[in-house]
Amino acid sequence: MTTQVENARTADAEREALLRVLAEQRGNLRYAVRGLTDEQARRRTTVSALCLGGVVKHVARGEEHWARFILEGDPGTDYESPETYAAHEGSFRLLEGETLQGMLEKYGRVAAWTERIVRDLPNLEVAQKLPTAPWFPEETFWTARDVLLHIIAENAQHNGHADIIREELDGQKTMG
């Protein structure tokens, strides 16, 4: 028979494990962009719109969005709006006045904020209704756990992009 204290320890261990894996993914991306100039961070090396600075910007923006979702739910984003589409597209590249260092600093601030939010939750079962969007089933709720797993998956996917872009840029590899 498990006690309330044992359940709390298990929940805390799960929370910390998810945050640790997310931190590892963030570290992999930081490693992939190490030593780059802003010019290199802006350079596209594939037919994709992605550049290394844009990858950092995109995952920071995405994590910030999903951390806010844990707290507030759907902000009512209009996914059909040209402004929404333009903001999404702009998240894949460094715009005028943006720097890789600035994006890395934002990524760090967002990471700290996400970790505070997650550690302050009563548990990972806190849930919000997903926004109405073609890629989400209707009337679906995500728990904080679901959101963390999504943020981890997004970081991992974009780390793969960063590896390819960096290797094409200057031959450097994140692994191997």
Side-chain angles (χ1 to χ4, degrees), residues 5-38 40-42 48 50-75 87-88 90-94 98-128 130-131 136 141-170 172-176:
V5 170
E6 289 170 319
N7 286 339
R9 281 190 196 127
T10 299
D12 286 343
E14 178 189 20
R15 184 184 321 236
E16 291 306 314
L18 289 168
L19 290 174
R20 184 189 74 248
V21 171
L22 180 53
E24 289 168 0
Q25 292 303 315
R26 291 187 198 111
N28 289 342
L29 182 54
R30 286 181 174 283
Y31 189 78
V33 301
R34 73 198 181 282
L36 293 178
T37 65
D38 286 335
Q40 290 170 312
R42 282 187 169 80
S48 165
L50 287 173
C51 63
L52 287 165
V55 171
V56 175
K57 179 180 176 180
H58 180 75
V59 295
R61 179 178 182 262
E63 182 173 330
E64 184 175 40
H65 165 82
W66 284 109
R68 184 169 285 112
F69 173 83
I70 290 171
L71 293 174
E72 301 169 6
D74 175 23
H88 179 71
S91 77
F92 291 111
R93 59 189 173 279
L94 292 180
E98 295 177 334
T99 65
L100 176 59
Q101 184 60 40
M103 288 303 120
L104 288 169
E105 289 168 4
K106 178 178 180 171
Y107 195 34
R109 287 189 305 274
V110 169
W113 185 56
T114 300
E115 290 169 11
R116 275 194 311 278
I117 289 168
V118 170
R119 287 189 176 112
D120 287 347
L121 292 172
N123 58 60
L124 295 177
E125 295 303 313
V126 171
Q128 301 283 0
L130 285 174
F136 292 132
F141 287 75
W142 270 10
T143 64
R145 177 186 300 101
D146 295 323
V147 172
L148 281 172
L149 289 168
H150 179 72
I151 294 169
I152 290 167
E154 281 286 311
N155 273 266
Q157 178 181 4
H158 290 302
N159 284 344
H161 296 139
D163 286 345
I164 291 167
I165 296 167
R166 181 66 191 252
E167 191 168 348
E168 284 293 316
L169 180 68
D170 62 7
Q172 294 296 311
K173 297 178 184 178
T174 302
M175 304 289 284

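Of all non-hydrogen atoms in K57 and R93, the two that sit nearest each other are NZ-O, 3.1 Å. For the residue pair R166 and V33, the shortest heavy atom distance occurs at NH1-C, 3.6 Å. A60 and V110 get closest at one heavy-atom pair: O-CG1, 3.8 Å. Nearest heavy-atom pair, A87 versus R61, reported as atom, atom and distance to 0.1 Å: CB-NH2, 3.5 Å. The two residues H58 and S91 have their closest heavy-atom pair at ND1-OG, 2.8 Å. Closest approach of L100 and L94 over heavy atoms only: N-CD1, 3.8 Å.
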- [ ] Under the side chain to side chain contact (heavy atoms under 4.5 Å, CB included) rule, what do W113 and R68 come out as? Steps first, then yes or no, please.
- [x] CA-CA 10 Å; W113 185 56; R68 184 169 285 112; 4.0 Å; yes

Task: side chain to side chain contact (heavy atoms under 4.5 Å, CB included) between L22 and E63, intermediate numbers included - done: CA-CA 10 Å; L22 180 53; E63 182 173 330; 4.3 Å; yes

Open item on the list: Quick one, F69 with L130, criterion side chain to side chain contact (heavy atoms under 4.5 Å, CB included). Give me CA distance, side-chain angles, the key distance, then yes/no.
Closed with: CA-CA 9 Å; F69 173 83; L130 285 174; 3.9 Å; yes

Task: V126 vs N123, side chain to side chain contact (heavy atoms under 4.5 Å, CB included): CA-CA, chis, key distance, verdict - done: CA-CA 6 Å; V126 171; N123 58 60; 4.2 Å; yes

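In this structure, N155 CG and N28 CG are separated by 9.5 Å, a value rounded to the nearest 0.5 Å. Within the model, atoms CG of L29 and CG of D163 stand 9.0 Å from one another, a figure rounded to the nearest 0.5 Å. Once rounded to the nearest 0.5 Å, the distance linking CG of L121 with CZ of R116 reads 13.0 Å. To the nearest 0.5 Å, atoms CD (Q128) and OG1 (T143) are separated by 11.0 Å. In this structure, CG in D170 is found 12.0 Å from CD1 in I165, a value given to the nearest 0.5 Å. Taken to the nearest 0.5 Å, the CD atom of E154 stands 12.5 Å off from the CG atom of L149.
Checked options E64, Q101, E98; the residue passing with K106 is E64 (criterion: side-chain hydrogen bond (donor to acceptor under 3.5 Å, both in side chains)). With R26 as the fixed residue, the side-chain contact (heavy atoms from CB on, under 4.5 Å) test singles out one of I151, T114, I152: T114.
Using cut-offs of 30° and 60° on the angle between ring planes, the pair W142 and H150 is tilted. Under the 30°/60° scheme for interplanar angles, the aromatic rings of H161 and H158 are found to be tilted.
In this structure, the side chains of L52 and Q40 stay at 4.5 Å or more apart for every pair of heavy atoms.
Salt-bridge check for R20 with E16: failed, with every basic side-chain N at 4.0 Å or more from each acidic carboxylate O.
Judged by distance alone, the side chain of R15 and the main-chain N or O of V118 form a donor-acceptor pair under 3.5 Å.
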